[in-house]
Amino acid sequence: MNMKKRILAMLLAGTLTLGLAACSGSNDSSATSASPSSSTEPAQTSQETEPEFEGVKEIVVGVGADIKTWEPWGAFNLARQNEAPLVYQNLTTDVVDLENGTMVHYFILAESTEKVGDLTYRIKLREGIKDSAGNAFTADDAIFSFQKCAEISTLTQVKIITDLQKVDDLTFDMTLKYDTVGTFYDVCNAINMVTQASYEASADGMATDPVGTGPMVLTDYVAGSSATFEKADSYWNEAANESKNVDDGYCTMWDFTNIDKVRYECITDTATMAIALESGQIDIARAIGMDDLMLFENNDSYTEFGAPDAALGVGFNAASSSPTSNLNLRLALAYAINSESALYAAVDGNGSVAKAWSYPTFVDYQTAWDSQDYFEYNLDTAKEYLAKWEQETGNKASDLKLRLILQNEDDANAVALSIQSDIGTLTGNPTCVEIIPYDRATFTQSKKDASTYDMLIVDSQLVTRSHSGYEWDNLVNQDKNGYNIFHTDDATLQEKLMDAVQVSTTSDATVTAFQDYINEQCYMKNLIYADGYGAAASWIGNLDKATGAKSCLNLGALTYDWNASGK
Amino acid sequence: MIIPVVLIVAIIVFTVMYFCPGDPAELLLGATASAEDILAMREKLGLADPYLVQLGKFLYKTFLHFDLGNSYVSGVAITKELALRFPKTLLLAGSAIVLELVVGIPLGMAAATHRGKWLDNLCMVLALIGVSVPAFWIGLQLLLVFAQKLQWVPAYGVVPWTGWILPIIVNSLRGVAQMARQARSSMLEVIHSDYVVTARSKGLSERTILFRYVLPNALIPLIQVCGDSFGSSLGGTVVIENVFSIPGIGQYMVQAIGGRDYAIIRSTVVVLSICFSIVMLLVDLCFAFVDPRIKAQYEGQSKRRRKLKAQRKGAQLHA
């Protein structure tokens, strides 16, 4: 019996030790003796005194997905967003400057763009552009890229081009089907450019052997596992590496890199990604889960970096079949939902509370919105509107049942729970809101069906956007989409939307008028701006500077500090 | 039986995917797609055809031309991807089975031969932990200790080879536990058989009794467990490959499910079902080899057949 007890005690002690060893924090940098961070001094302070690093400047970045194909016009995913820009370039790009919170429009392969007709733009290319195979990039190649993309790709941006006409070797005209804000630049920003000669020389449409005009070339790719890039022998815009003058129009996404080699490792689990960073196997973790972020916060061995990731809001179904067709109920709900709570629930406070259905870095964001009264959380006001709704309809708040649909993501789920709690407090019925999480496909379909929800979480991905009008157009334009997410047959809404989003009519006044109308009708309450976080070993001394100024978070192509011992 | 089983699996998975809400074409094109674009994409992917036409095409291409098609999302040939990924998944599942046999059976034997003693209790507690603890959790804990703290193995991937150690251990844990429990109960059943008592009364050593009389008879149900475990191990790779970032079929399937890449989901399920069916066939053959009763039944059948054939031949000659 004693023996049994001893064995059991030893077993339990062993388990406890293992658990404690595994779960204890990693703040003690000495524990990670083999990590690059512990073997080198912080680079920032010693940079000036130490000799220039002369070895291969290599970094390893962990990303949560695999690109799957290197075709220039493959479907967008996290890996493509990170890796493809090292090889392929676009005509232009929009990058958020986090220093002053504005959107910076860069010309890359294009030297200039000019509107020459109602729906026609003239694009002039830079001189001397060559791809990594040495083929010159001309207007013919740009037209070929757009046409080939339209023929084989799923990218919808290119579908709005109706005509492409060559003007001369470096100039061509592009005519669009319609011209709403951000549409032209979305086309220019999204479609990768290749030379016809290189594309046709590839046996598989560059699926395995990408050749672009970017500063790096793919040297090794293991499907589902890793992709390695090395500096191209001759990059057409090498001069930019020397001048480093952003104001000349050079883009951080390509022209400022000072690394020789970058390897992207596909690590699908965020917890594993954090462990890989802590064990020194990767230098930068592109995405860190909120639970793991605390490991790197206030830790000298690591630098954490954040960037705008998503805006989450709640939209109301105003169709007559839904209880939220009543304005007073919508207002009651909007005032009852606490954005602060949602921010802490979703991203542990890492972000900010929204003040409008837009994003502060967007070109058409109005600074006046920062100080507007945007359904500030007020339970008393909410109760007043709820009482009005009860009076108007004869319904009881305690009997109210609302369906809240969302795309099944961690942050959206957390926001939904917060909303459920807030509305439960308002109505006195904790089960008043039924949360219905869907996968992306089902959510996309359900959004179109007014009978499937009363409220929905509107999750706007900010990474690829530059105008709020672009988002509004996609979600509200009844004429274009055949429905709007509020399911309201509201001619005024459509009219104000068109004024706000059409290039010919858009102005601060029309954009403000649309936003005011949305608020007046309370169709939508934007709740939070959530930041996405990554972390890096601290030897990367200027990561803050590199990602903060003219940020693009293209970690494989930034200017890093390299001290004498490198990593 | 393999052919109907795989066919039924293929039909079921196709039907389930067909009736799932959500449109892969719309998902692929994104929020900015127009109705015409979506329609054109549906045509291109063959999603506009009626159910039976789509099913017929899928079965025809898959089973008569061995053409699994291309991924909806990336356009890459699924056969090519599977050829790259399947060996990794097979290695992961196969190694887990070997580990289950090597660890699980001795554990069960030790428990059975020390029934009621501390070794028995220890083995069964370990087995209970193995069955109860979720693979993803134990995987992360082992990563924290062996990859982060001790840095003996990589945190992700299978390069260098040491990257295989933790995934294989984690994938085999449940199987080891099941095998140990089954081995114990089978051994206990056999240990009390008359022929074992007789062997013992004849003065044979415990070691001889255990390895010559007990183990061969206790192995029969373990073969079945082993076959079932292979199925679980294949299924387990879905979780394990994601935790350890191994580019195998499990990871491929999870990514495809998220993106509604029906072509990949259908193909991987069919390939896994073929694989599992083959393993079950091997299990049946092993039964016939190991179990004297089944062996005798087969031998009896073939003897009767030969006798009947000889009789017919004799009758023909006589005529």
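The figures that follow rest on heavy atoms only: side chains count, while hydrogens, waters and symmetry mates do not.
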[atom1]/[X] to [atom2]/[Y] distance, rounded to the nearest 0.5 angstrom?
X	Y	atom1	atom2	result
A:S225	B:Q251	OG	CD	8.5 Å
A:T156	B:L29	OG1	CG	6.5 Å
A:T272	B:Y156	OG1	OH	11.5 Å
A:R440	B:L27	CZ	CG	4.0 Å
A:L277	B:Q148	CG	CD	9.5 Å

Review point. When you look at CG of A:D410, are more than 12 heavy atoms from neighbouring residues, nucleotides or ligands closer to it than 6.0 Å?
Key: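 No - once you tally the heavy atoms of other residues, nucleotides and ligands closer than 6.0 Å, there are 12 at most.
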
Check your understanding: For B:K61, does the NZ atom sit with more than 12 other heavy atoms under 6.0 Å from it, leaving out its own atoms?
Key ->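 No - once you tally the heavy atoms of other residues, nucleotides and ligands closer than 6.0 Å, there are 12 at most.
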
Using non-hydrogen atoms and a 4.5 Å limit, figure out which bit of [X] sits close to chain A: side chain, backbone, both or neither.
X	result
B:K88	neither
B:N242	both
B:A35	neither
B:L84	side chain
B:E36	neither

Using every non-hydrogen atom in the two residues, find where [X] and [Y] come nearest and quote the distance to one decimal.
X	Y	value
B:E81	A:A223	OE2-CB, 4.3 Å
A:S279	B:A147	CB-O, 3.4 Å
A:T268	B:S245	N-OG, 3.2 Å
B:R260	A:A441	CG-CB, 3.5 Å

Hey, are the side chains of [X] and [Y] touching, using non-hydrogen atoms and a 4.5 Å cut-off?
X	Y	result
A:Q281	B:Q151	no
A:D269	B:L140	yes
A:T444	B:D23	no
A:E71	B:V76	no
B:K149	A:I275	no

Against chain B, label [X] side chain, backbone, both or neither, depending on which of its atoms sit under 4.5 Å from a heavy atom there.
X	answer
A:A276	both
A:K68	both
A:I67	neither
A:T208	side chain

Check your understanding: So B:E26 and A:K448, salt bridge (Lys or Arg N to Asp or Glu O under 4.0 Å) or not? Walk me through it.
Key -> CA-CA 12 Å; B:E26 201 175 336; A:K448 294 179 180 175; 2.6 Å; yes

Check your understanding: How about B:S74 and A:R80: does a side-chain donor come under 3.5 Å of a side-chain acceptor?
Key ->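 A:R80 and B:S74 do not have a side-chain donor-acceptor pair below 3.5 Å.
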
Point to revise | Top of B:G75, B:P154, B:S71, B:G248 for chain A proximity - count of heavy-atom pairs under 4.5 angstrom | key: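 Between B:G75, B:P154, B:S71, B:G248, the count favours B:P154.
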
